[in-house]
Structures are given as structure tokens and as C-alpha cells.
Amino acid sequence: MLQCIFLLSDSGEVMLEKQFTGHRVDRSICAWFWEHAVSHGDSSKLQPVIASPTHYLFQIFREGITFLACTQVEMPPLMAIEFLCRVADVLSDYLGELNEDLIKDNFIIVYELLDEMIDNGFPLTTEPTILREMIAPPNIVSKVLSVVTGTSSNVSDTLPVATGSCVPWRTTDLKYSSNEVYVELVEEMDATINRDGVLVKCEIYGEVQINSHITGLPDLTLSFSNPSILDDVRFHPCVRFRPWESHQTLSFVPPDGHFKLMSYRVRKLKNIPLYVKPQITSDAGTCRISLLVGIRNDPGRTIDSITLQFQLPPCILSADLSSNHGTVNILANKTCFWSIGRIPKDKTPSMSGTLVLESGLERLHVFPTFQVGFRIANIALSGLQIDKLDLKTTPARFHKGFRAVTRAGEFEVRS
Amino acid sequence: MAPPAQTVRSSSPSQPSGKGEVSDLKLQLRQLAGSRAPGVDDSKRELFKKVISYMTIGIDVSSLFGEMVMCSATSDIVLKKMCYLYVGNYAKVNPDLALLTINFLQRDCKDDDPMIRGLALRSLCSLRVANLVEYLVGPLESGLKDSNSYVRMVAVIGVLKLYHISASTCIDADFPATLKHLMLNDSDTQVVANCLSALQEIWSSGAATSEEASRERETLLSKPVVYYFLNRIKEFSEWAQCLLLELVAKYVPADSSEIFDIMNLLEDRLQHANGAVVLATIKVFLQLTLSMTDVHQQVYERIKAPLLTLVSSGSPEQSYAVLSHLHLLVMRAPYIFSSDYKHFYCQYNEPSYVKKLKLEMLTAVANESNTYEIVTELCEYAANVDIPIARESIRAVGKIALQQYDVNAIVDRLLQFLEMEKDYVTAEALVLVKDLLRKYPQWSHDCIAVVGNISSKNVQEPKAKAALIWMLGEYSQDMQDAPYILESLIENWEDEHSAEVRLHLLTAVMKCFFKRPPETQKALGAALAAGLADLHQDVHDRALFYYRLLQYDVTVGERVVNPPKQAVSVFADTQSSEIKDRIFDEFNSLSVVYQKPSYMFTDKEHRGPFEFSDELGNLSIGTESVDTTVPVHKVEANDKDLLLSTTEKEDTRGPINDGAYSAPSYDGSLVSLAAPQTQPEVATSNPSVKEHSQSSFAIDDLLGLGLPAAPAPAPSPPSLKLNSKAVLDPSTFQQKWRQLPISLSQEYSVSPQGVSALTTPQVLLRHMQTHSIHCIASGGQSPNFKFFFFAQKAEESSTFLVECIINTSSAKAQIKVKADDQSASQAFSSLFQSALSKFGTA
């Protein structure tokens with residue numbers, strides 16, 4: 001049971017305070033929290049669950065805003081954290097994005113939302129569709145309307161119908177002139193390559209995202225040609241469990257608009273699209289570094305936006321790096337950033353240079369880890385393939401589309 | 001653009017400092033209050049917004065209360081909401097003015113728009129002013145009967161709010177009964193869920209004083225209610241599902257087929273998108289199968305994949321919360337996760353607190369088949385930029401070495417660390433090599449060769465220095481220049497700040513002296529002289545002790561200071577298994593994240609609303625009255641003592657994290673003080689056992705357990721007389737329970753009077769105590785109760801331990817007896833039975 005929620009700005013200022021129970025939580029807790037955060041670097045490095053002398057604090061950090069919740073009773077920590085994440089998601093959904101100014105400009109809406117999302121410290125509804133019906137988002141349309149009609153209430157007059165229906169994520173009376181549904185596979189590849197160049201771990205975390213605009217209550221069925229490769233799956237509440245259990249098809253009535261239908265994990269993959277070969281030699285106070293990047297297993301599509309990022313060890317005084325392709329930047333906090341883009345046909349991108357060690361150090365003992373970024377459109381590297389998407393009763397004008405994209409997640413190469 | 005943290009509270013140009021602006025607002029609000037001009041709502045809205053934003057910044061705008069209320073007559077819903085917000089915030093400090101708002105809120109409660117009815121009711125109940133409760137009852141009553149579910153939902157929580165303001169008003173209006181009816185009959189699941197959460201809270205806090213509330217609370221856990229919820233669980237919102245699952249986790253199914261039914265029904269919840277639902281389901285699974293070893297194992301296999309997915313998806317904050325739970329499970333059953341070790345590899349970007357958890361898990365899951373890979377991985381972290389993590393990983397390598405049989409490869413790695421020329425790496429590695437040598441003396445040759453090359457000047461950390469010195473003393477016959485290194489260290493005695501190092505230096509130079517007297521004699525003299533002059537009491541005493549010992553007899557001295565030692569087989573664990581079990585019972589709670597059971601960090605009152613009386617798997621030690629009478633920290637200390645066995649108790653006195661590494665203080669010198677050939681555990685535990693039995697009177701007294709005040713001696717059969725003042729501390733009980741075989745297992749029937757008298761475990765405890773059978777732990781609720789009893793023979797210290805499970809619906813009691821003296825267990829059993837049969841008749 002949460003007792004209150006604070007929204008703190010980047011500088012620790014209380015932007016919003018919402019109390020839920022009779023036990024008021026004094027604001028001084030925020031000052032305590034901020035001191036604690038400052039002493040730990042910044043709040044993004046802080047543990048999500050902290051014990052203050054008087055309360056237990058849950059905090060999440062999004063776009064410079066700290067969502068801080070307090071409680072004095074024992075409760076499931078994940079529930080509190082999930083809820084805060086949901087609050088952050090709903091707010092960024094409502095306000096378009098999330099930042100300090102937007103929160104300050106729309107604090108009334110934030111209050112209204114919190115009022116409906118949680119009562120007496122227990123979460124009620126966090127389903128964006130339902131909330132949208134209770135509190136209209138501050139979009140341009142309603143602003144224009146308010147100017148034209150002179151009534152600027154951003155609250156709809158009717159209560160959401162869906163709160164009482166058995167499909168709480170959807171309203172029943174939607175009408176579209178053209179019906180469309182888009183399915184996108186979004187995958188992230190996590191891989192670790194160790195010092196000896198061995199691929200120690202490679203797995204994909206993927207999501208099936210759907211954007212649907214269909215009249216009425218559509219009943220969709222989505223099937224894969226190779227569902228057996230999935231190691232573990234999690235579903236949006238709209239997915240029916242039985243069809244998946246018996247023959248691995250996803251049967252569901254979708255929420256309106258964009259949502260995450262399913263997330264999955266594919267483990268023990270053997271192929272990674274890129275190789276990165278770092279070489280570091282050091283002797284007598286200087287250190288030579290060279291890096292090669294190239295295609296290892298050609299995915300058959302263009303690999304885009306290749307980047308390489310690494311942190312110089314603290315014992316390095318200065319670095320002089322250059323590359324034969326792309327640009328190399330060294331930021332103030334000793335982060336090196338090499339953006340490669342695409343791999344050219346005629347040469348292998350390489351970067352090399354010298355690092356100057358602190359005086360007194362002969363050799364380098366701490367080695368950087370290279371974090372690789374890339375993006376490959378139109379392919380799901382896990383190999384997952386969509387077989388077909390059916391709609392029970394197809395309306396007159398119906399359009400469906402499929403897409404896929406694979407990005408690097410935590411893709412790291414150690415040296 | 002935002003001001004820095006320090007200036008938040010002070011004024012900045014963008015923030016009004018207060019008085020002037022507030023009185024300005026007051027004036028403007030007053031002008032608008034009566035106005036009915038068109039567009040007045042817009043200007044009001046601007047003003048209200050300003051007021052609320054001041055309130056949010058932290059400026060006191062309570063002086064506007066009257067004006068705000070005057071302006072509240074409006075049909076604009078946003079204006080209403082802002083006004084409700086304002087009123088809710090300041091009503092408590094302005095109870096008299098709050099009366100002004102009642103009128104318009106009550107009117108709004110009758111509005112045509114259900115949204116406004118709901119909002120008004122919510123605000124009305126959030127005023128929390130004690131003298132206004134009379135105005136709440138009416139609107140709440142009609143709210144609970146409202147045709148719109150939104151209003152009912154708000155009204156239900158309103159009842160709970162009313163209960164917290166004035167419990168008697170709430171009970172007098174018979175709201176709990178209304179809620180119960182709604183809970184079982186309403187069509188809207190959110191209303192039902194709110195009823196459940198409200199009733200849980202109302203009845204739990206009422207349970208202490210009212211028999212009826214505690215009975216009602218138990219009916220929430222009865223089969224029909226739990227099944228009613230379970231069958232509809234998919235219709236509930238995700239958060240309400242968490243609530244229901246928490247309830248189910250406390251339910252005690254009658255048999256295993258029921259357990260399987262529940263698990264089948266809930267299996268798909270493991271695939272829910274909301275991690276909180278998944279974790280709550282996992283808790284249900286784990287709790288249900290606790291007593292079924294095989295199934296429990298399968299549950300672990302089943303929940304593995306969802307947990308690992310939860311860790312790798314979601315935000316870092318969510319991962320952390322899941323990871324803490326995963327950590328708990330991995331520590332309980334490492335072998336199940338041993339093939340998933342790669343999931344615990346650290347990512348470069350992860351915060352250190354995550355890495356730390358992962359390192360511990362890697363250490364736990366290491367076994368013969370994956371050790372090589374895990375150690376390879378850990379060695380890569382040793383070159384990490386993050387120094388604390390580098391240290392942790394070296395320690396992890398060491399821990400793995402100490403728990404493995406085949407350590408060849410690991411020793412090589414550790415020795416490589418020693419050659420890495422990084423002071424913190426060397427320091428950690430030295431400590432580890434020392435521990436390793438204490439367990440595997442056969443490696444001394446390889447290790448000493450490397451250790452000998454380390455210059456003591458490069459080792460600064462006290463722990464590492466102590467380890468190095470210990471090795472110098474222990475293996476001085478193998479290290480060519482050991483006496484000279486020691487000598488140079490003694491020359492710098494004055495510069496050595498750590499008493500621990502100086503103590504080790506004394507002992508090491510003694511040991512060295514016995515092995516290589518001519519080379520060490522001078523150093524020994526210098527060391528003893530320096531030690532005697534030392535200001536630190538322990539150092540001084542040890543030096544004096546050695547000095548006199550040598551004066552008395554050198555050979556005796558050698559037997560005392562440097563006796564032959566046995567290899568250490570197991571290093572003490574820092575956290576006792578009882579504590580781990582307690583944390584496990586509190587799965588899906590803060591305890592897991594803190595790695596402490598909740599009694600160690602929350603006070604009783606705050607555990608309140610969520611803690612039902614302890615269920616079977618979670619036996620409470622002692623009775624309820626403890627926490628109310630004793631300051632919290634005291635209870636904590638006692639609880640700790642009760643839970644830890646004597647050897648572990650020794651251990652926790654040191655800093656917990658370093659437990660395994662603070663071992664040097666146990667070394668040869670300490671052992672020998674008691675008697676040569678004796679193991680340290682034996683030597684140190686003897687006195688503390690005595691201490692325990694003395695102090696346990698006091699502790700038991702606190703717990704209201706084995707009070708010596710037991711009245712009339714038991715009317716026992718002549719063959720066996722029990723000691724009415726028997727005492728046994730829980731740790732000894734647990735130890736004995738584990739060691740002794742079951743000597744008798746029986747089932748009795750319980751008399752109907754007994755069944756009806758058994759409303760809470762405590763009643764039976766008191767009864768059995770009059771028969772000199774004492775309870776050490778009890779738990780459960782109707783119909784299943786579980787007790788652990790003990791008794792002692794009157795003339796000798798032979799004890800009987802009993803586990804007794806009573807099912808009131810079948811009127812059966814199952815008992816298992818374990819006894820020091822097996823031959824007497826039959827006699828004891830009949831005694832126990834006769835005592836039990838008298839229960840309820842008096």
C-alpha cells in the first residue's frame with residue numbers, strides 16, 4: 001500500500017505531491033532522498049528500493065524525473081515499481097513525451113490521472129484506453145475545440161463504458177472508415193564476447209507490437225511458422241491462454257491503437273551479425289589500441305547505424321584516436337564514441353590510436369568494454385516468422401501489414 | 001532552468017515568496033465568488049490553477065480556504081476537481097472551515113453525473129476530519145447502493161477511509177457486513193476487489209480486539225471465498241489480481257488434488273505482462289507446494305523461465321526487484337539454476353547493486369560442470385573499471401574455490417591475480433589464498449612460491465597485510481626470507497596503525513621462532529618489547545602472554561602457539577538457514593529486497609494490514625505480545641539470538657559481509673589458548689551454551705513461553721514426571737529436531753469440547769503449559785493448526801520434542817515425537833494425549 005507519490009525534477013525540486021492515506025508523508029522525506037541520491041552520484045545509480053529512517057522508498061528515474069513513492073508497510077516491491085513505471089508510461093503517453101516542463105504545465109492533468117489510477121494507496125486502473133475516456137489528453141484538437149466552442153473542459157462527460165465490460169482494454173463503439181492492423185516484430189540482441197573473442201552469451205528479447213484501428217470488436221488470430229523457437233513468452237491481458245497452449249496461436253481482441261501484444265525470449269543463439277576485434281598493447285607508459293569491425297554472419301539485409309562506444313579507463317590521461325571510416329569523438333567524461341553507419345563495400349572500418357597512461361604506470365591493467373550498436377530493418381534475427389493474421393469477420397476495407405526490426409541491446413565486446 | 005536542489009525551499013524569481021501574491025489571489029477569488037457573468041469559469045480556472053500550483057510548490061495557501069469554497073459552486077468538472085484537491089489538502093488543518101465544504105460535497109454526491117458523484121464522495125471521505133464523520137455515513141450508504149459501479153467502487157474505499165477516521169462509526173453503520181455482501185455479489189470486479197482490500201484491512205486491524213473480526217478475517221481464507229475469487233480471477237484488473245493472489249497464497253488447501261487444481265488454474269498467470277502478477281503467482285506456487293518436495297522441485301523448474309524473462313525485459317528498476325527474488329531462489333536451490341549460469345553474467349552497464357547480486361548467484365550456482373566457465377568470466381571482471389566489483393569478483397572466485405573439490409585451475413587464477421600488480425587485486429587475492437591454504441594445505445608449495453615474491457610494502461590494506469603475515473608465520477620454514485620480512489615489519493611497528501596486523505605480527509613471529517629460532521630470536525625480542533609497550537590492550541596482553549609463556553617453558557609455548565592444525569572443512573555461513581527460511585516465507589515482499597526478514601526492519605504496527613496471523617509455513621516463534629512491550633531494537637536483538645545457533649552467533653558479531661574473511665582471528669593462537677588439539681568451535685561454544693541457558697530464562701520470559709509460573713504440577717502418570725520449569729531455546733530445539741529421528745508418530749482424535757475451545761493457537765499453549773508441556777512455536781488458523789512443543793523429564797535433562805498438527809474440522813491431531821530417551825517416548829505420548837484430551841473440559 002503506497003502512502004504517497006512525489007515527482008521530483010532533475011534538481012530535486014518537488015514538482016508534484018499526491019497523498020493517498022490519512023498518514024501524511026512529510027515533504028522532508030524528499031530532502032532526505034535527494035541528499036541520499038546526491039551522495040550516490042545521481043538518482044539513476046540509486047537502488048530502486050531504499051529504506052529511509054521513517055519510510056521505505058521506491059524510486060524510478062525517467063527522462064530526468066524521479067518518481068518517488070513512500071510506504072511504511074510491507075508490500076510487494078515489484079508491484080510498487082511496476083505501478084510507478086506504469087504511471088511514467090501513462091504520463092508520457094498523455095503528454096507526448098516526458099520532461100520537467102511538460103509536467104509543470106500539465107500538473108492538473110497529472111493530478112487527475114493519479115486520482116483515477118490509485119485510491120487509498122492501492123492501484124485501480126492503469127489501462128491507458130480507460131483513462132483516456134475519463135480524462136481527455138491535452139492534445140491540440142481539444143485545445144482548438146476549446147478556443148472555438150469556449151468550453152475548455154478536458155474531461156469527457158460520460159463514464160467509460162469499458163469499465164463495466166469484460167474487455168476492459170477496449171471500448172465497444174469504435175468506428176473507422178478504413179480498417180487497418182500492423183504487426184511489427186521488434187527484437188533486441190544481447191550478446192557478450194569475452195576477452196578471447198568467444199561468444200559467451202547471445203540471446204534475443206523480442207516484442208510483437210500491434211497498431212490496430214478496427215471497427216467494432218475485432219477478433220484476431222496471429223500465428224507463427226516456428227513458434228517452437230520461443231523460450232518464454234509473456235502476453236498482454238487480451239491474449240487468450242488456451243489457443244496458445246494447444247497450438248501456439250495468439251487469439252485476441254486488441255486494444256485500440258498501439259500496444260505490446262507479446263514479449264518473448266530466444267536463448268542460445270549462435271550467430272551474431274558483426275564482429276569487433278579489439279587489440280590493445282601497452283608498454284612503457286603508452287598504449288596502442290586498434291579496432292576492426294566487420295560483418296560476421298551476413299543477415300542478408302543492410303546493417304545500419306553501427307556505433308561503437310567505450311569508456312577509457314580512469315588511468316588514461318589522454319587519447320589520440322583516428323579511423324578510416326566514420327567519425328570518432330571523445331567526450332568529456334572519457335567516453336569514446338565511434339559512429340560507423342554502414343559498412344562500406346571496399347574496406348573494413350578500423351580505428352587506431354595511442355593512449356597515454358598516468359605517469360608511473362607501465363602497463364594497462366584495466367581494459368575497456370566496447371558497446372556495439374546497430375539496427376537491421378526488415379528482419380527478425382531470432383528467425384521468428386509470422387505465418388498469418390486472420391480477422392474473424394473481415395470488414396469491407398481491411399488492410400494488414402507486417403514489419404520487423406532488430407537492434408543491438410546489450411551487445412558488448414570485452415578486451 | 002530549475003534552481004539547484006539547495007534553493008528549492010527558498011524563493012526564486014519564478015516562485016512567489018508568499019504573502020503578497022496569496023492576498024492578491026484572495027481578493028480576486030472573492031470578486032469571482034458571486035459572479036455569474038459568462039466566462040467566469042475560465043477566470044476561476046486560471047486562479048484555481050495558480051492556487052494549486054502554489055500548493056504544489058509548497059507555499060501555504062490554506063488562508064484561501066473560505067474563498068475557494070465560495071467559488072466552488074460551478075458545473076465545470078475540472079474546476080470541481082481542482083477544488084476537491086485543494087480541500088482535501090487543507091481540510092485536516094482547518095477542521096472548522098472544512099464544515100463549509102460538506103454542504104457542496106454532499107450536494108455533488110447526488111449529482112446526475114456518476115463521475116461527479118464518485119469524485120465528490122471520494123473527496124468527502126478524504127477530508128479525514130474526525131468531527132465530520134456523521135456527514136459521511138449517509139452519502140456512503142447511498143454510494144454503496146449506487147447503480148453506477150464507479151460510484152460503488154469509490155464508496156467501498158470510502159468506507160475504509162471512514163474506518164480509519166472513526167472505526168466505531170463505521171462498525172455502527174454495519175458497513176463491513178454491507179461490504180461483505182457486495183464482495184460476494186457485485187458484478188463489477190473492481191468493486192469486488194476494493195471490498196476485499198477494505199475488508200482485509202478493517203478485519204485485520206480489528207482482529208486484535210474483536211473476536212468477530214478475527215473470525216471474519218478467517219472466513220476470507222475459507223474455501224468458498226477463495227474459490228469464488230479464483231474462478232473469476234481473469235476478469236479482475238492486473239492490480240486486483242495481485243491482491244487476490246496474495247490472499248490465495250495464505251490459503252491452506254485440504255489435500256494435494258486441491259493444490260493441483262489451484263496451480264492449473266493459475267498457470268497462465270505466469271505469462272502475464274505485469275511482473276507483479278507473475279511474482280505473486282510464483283509466491284502462490286511456492287507456498288502451496290512447500291510440503292511436497294517433488295512438486296516443489298518441479299515448481300522451481302516451471303518458474304525459472306518466467307523469472308529469467310522478467311529479469312531481462314523491463315526497466316532496470318523492475319529487473320532489480322525481480323533479480324532480488326531470483327537471488328533468493330538461487331540461493332535456496334542453486335543446482336536447479338546451474339545450467340542457467342550465463343544469465344547471471346554481468347553487463348557492463350548494469351549498476352553495481354545488480355552486479356553484486358549476480359556475482360553472488362554465480363558463486364552459488366558453480367558446480368563441477370560450469371566452474372571453469374564461471375571462473376573465466378569472473379576473472380574478466382577483475383580487470384573491471386568498477387573497483388568494488390573487481391574486488392567482489394575476486395572474492396567470488398575464492399568462494400567458488402572453497403566450495404569445490406577440484407581447485408587446480410582456480411588456484412592458478414588466484415595466483416595470476418597476485419601477479420597483476422594492482423594493489424586492490426593483490427590485497428583481495430592474498431586474503432583468499434590464506435583461506436584457501438587453511439582448507440587445502442596441500443597447495444602450500446605452489447602458493448608460497450608466489451606469495452614469497454610479493455613485497456610487503458605493496459600491501460597496505462590491514463586484512464591483506466594480516467593474511468600475508470599469517471602466511472609468513474605459518475609457512476616460515478618454506479619461505480627463505482620469512483624471518484627477515486617479519487623483522488623489517490617489526491621495525492616499522494610504530495607506523496602500523498591496525499591492531500589486527502600487530503596481533504598477527506606477534507603470533508607470526510612466535511611461530512617463526514619455533515621453526516627457525518636462530519634467525520628469528522632478535523625479531524622476536526623486538527616484537528615482544530614493542531608489543532609490551534603497545535597502547536592497545538589486546539596487543540599488550542598478547543605480547544605479555546607470549547612473554548610469560550616463553551619464560552615458563554618454550555616447548556609448552558610451541559604446543560600452545562603452533563600446534564598441528566586440521567584443515568578447515570567448511571567456513572561458517574553468514575546468514576543462518578532459519579533467517580533464509582523466514583525470508584523465503586515472505587517471498588514477494590520488501591524482506592527479499594533487503595535480505596532480512598521483516599521483523600528485523602519493520603515494527604509490528606507497520607506490518608499490520610498485510611500480515612494475517614502466521615500461516616502454517618510461517619511459524620511464529622513465541623507469542624504475539626512481545627513487540628508491544630519491548631522496544632523494537634531489543635526485540636530484534638533477542639530474535640537474532642533466538643534464531644542463530646551458537647556458532648553462528650559468534651560469527652554475526654563481526655561485520656556481516658566480511659564474515660567469511662575475518663577468519664584470521666580464529667587462527668592457531670586462539671585455538672591454543674583453550675587447549676591444544678581442540679577445534680575453535682568447541683572451545684568457544686562451550687561458554688556460550690552456558691550463557692544461553694542462563695539467559696534463556698529472560699528471553700523466554702519476554703516471549704511469555706516457559707514461564708516458571710506454571711501452576712499446579714501435572715497430574716501425570718507415575719512412570720514419567722515432567723519438569724514444569726523446563727527451558728529450551730529455539731535454536732537448540734531446531735538443532736535437536738533436525739538431529740533426532742522420529743521415535744513415535746500417532747494420530748488422536750480431539751474431543752468436541754477441545755475443537756470448540758481451539759479458536760487461536762494461544763489457548764492451547766496455555767493449557768498444555770499447565771501440564772508441563774511447553775510450546776516453542778505455533779501457527780496456522782482454523783481449521784489447521786500446527787504446534788511445536790517440548791518437555792523435559794523432571795529428574796534428568798532428557799527432552800521430548802513434539803510436532804502436533806490439529807485439524808479442527810476432522811477433529812484429529814497428528815503428533816510426531818522425538819526424544820533424547822527413545823524408550824520413554826511411549827510414556828510421554830500417553831501423557832501428551834491425556835493432557836490434550838483434557839483441553840476444553842476445564
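The structure displayed is predicted, hence computed values, not measured ones. Letters go in sequence order (proteins before strands), and every chain restarts at 1.
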Seminar exercise, completed: The interface call for B/Glu380 against chain A, heavy-atom contacts under 4.5 Å, is both
Problem set entry | Interface moiety of B/Leu85 toward chain A, non-hydrogen atoms closer than 4.5 Å | side chain
For this session: Counting only heavy atoms closer than 4.5 Å, note whether B/Ile116 contacts chain A via side chain, backbone, both or neither.
Result: neither
Exercise. Given a strict heavy-atom distance threshold of 4.5 Å, which part of B/Lys161 is in contact with chain A: side chain, backbone, both, or neither?
Worked result: side chain
For this session: Go through the atoms of A/Tyr111 and report whether side chain, backbone, both or neither lie under 4.5 Å from a heavy atom of chain B.
Result: side chain
Problem set entry | A/Arg265, part contacting chain B, at a heavy-atom distance under 4.5 Å | side chain
For this session: Of all the heavy-atom pairs spanning B/Cys346 and B/Tyr381, show the shortest one and how long it is.
Result: N-OH, 2.7 Å
Problem set entry | Salt-bridge present (A/Arg242, A/Glu245; N to O < 4.0 Å) | yes
Exercise. Side chain, backbone, both or neither: which part of B/His164 has an atom under 4.5 Å from a heavy atom of chain A?
Worked result: neither
For this session: Could you tell me which of A/Ala80, A/Ala51, A/Pro123 has the largest number of non-hydrogen atom pairs under 4.5 Å with chain B?
Result: A/Pro123
Problem set entry | Residue pair A/Glu116 / B/Tyr150, side-chain donor-acceptor N/O under 3.5 Å | yes
Exercise. Does A/Glu410 come within less than 4.0 Å of A/Lys201, counting only side-chain N to carboxylate O?
Worked result: no
Problem set entry | Residue A/Asp10 versus chain B: region with a heavy atom under 4.5 Å | neither
Seminar exercise, completed: Comparing A/Asp196, A/Ile60, A/Leu8 against chain B, the one with the most heavy-atom pairs below 4.5 Å turns out to be A/Ile60
For this session: Going by the side-chain contact (heavy atoms from CB on, under 4.5 Å) test, name the single residue among B/Asn148, B/Thr189, B/Asn194 that passes it with B/Met153.
Result: B/Asn194
For this session: Give me the one residue out of A/Tyr56, A/Phe122, A/Phe58 that meets side-chain contact (heavy atoms from CB on, under 4.5 Å) with A/Met75.
Result: A/Phe58
For this session: Considering only heavy atoms and a distance below 4.5 Å, find which of B/Glu377, B/Met82, B/Lys234 pairs most often with chain A.
Result: B/Glu377
Problem set entry | Pairs of heavy atoms under 4.5 Å with chain A: top-ranked of B/Leu119, B/Val154, B/Val278, B/Leu310 | B/Leu310
Exercise. What part of B/Thr309 lies closer than 4.5 angstrom to a heavy atom of chain A: side chain, backbone, both or neither?
Worked result: both
Exercise. Which of the residues A/Glu203, A/Glu188, A/Lys18, A/Met262 is involved in the greatest number of heavy-atom pairs with chain B at under 4.5 angstrom?
Worked result: A/Glu203
Exercise. Quick one: what part of A/Thr192 sits under 4.5 Å from any heavy atom of chain B, side chain, backbone, both or neither?
Worked result: side chain
Exercise. Who passes side chain to side chain contact (heavy atoms under 4.5 Å, CB included) against A/Asn99, sequence neighbours left out?
Worked result: A/Glu97, A/Asp101, A/Leu102
Problem set entry | Part of A/Gln19 lying under 4.5 Å from any heavy atom of chain B | neither
Exercise. When only pairs under 4.5 Å are counted, which of B/Ala321, B/Ala273, B/Ala240, B/Ala198 shares the most heavy-atom pairs with chain A?
Worked result: B/Ala273
For this session: Flag yes if more than 12 heavy atoms outside A/Glu35 fall under 6.0 Å of its CD atom; otherwise flag no.
Result: no
For this session: Check each atom of B/Leu308 against the heavy atoms of chain A and say whether the ones under 4.5 Å are side chain, backbone, both or neither.
Result: both
For this session: Using non-hydrogen atoms and a 4.5 Å limit, figure out which bit of B/Glu373 sits close to chain A: side chain, backbone, both or neither.
Result: neither
For this session: Please state whether the side chain, the backbone, both or neither of A/Leu124 comes within less than 4.5 Å of a heavy atom of chain B.
Result: both
Problem set entry | Proximal component of A/Ile50, with respect to chain B [non-hydrogen, under 4.5 Å] | backbone
Seminar exercise, completed: Those residues at least two apart in sequence (or on a different chain) that pass side chain to side chain contact (heavy atoms under 4.5 Å, CB included) with B/Ser53 are A/Phe107
Exercise. If you measure only the distance, is there a donor-acceptor pair under 3.5 Å linking the side chains of B/Gln318 and B/Ser315?
Worked result: yes
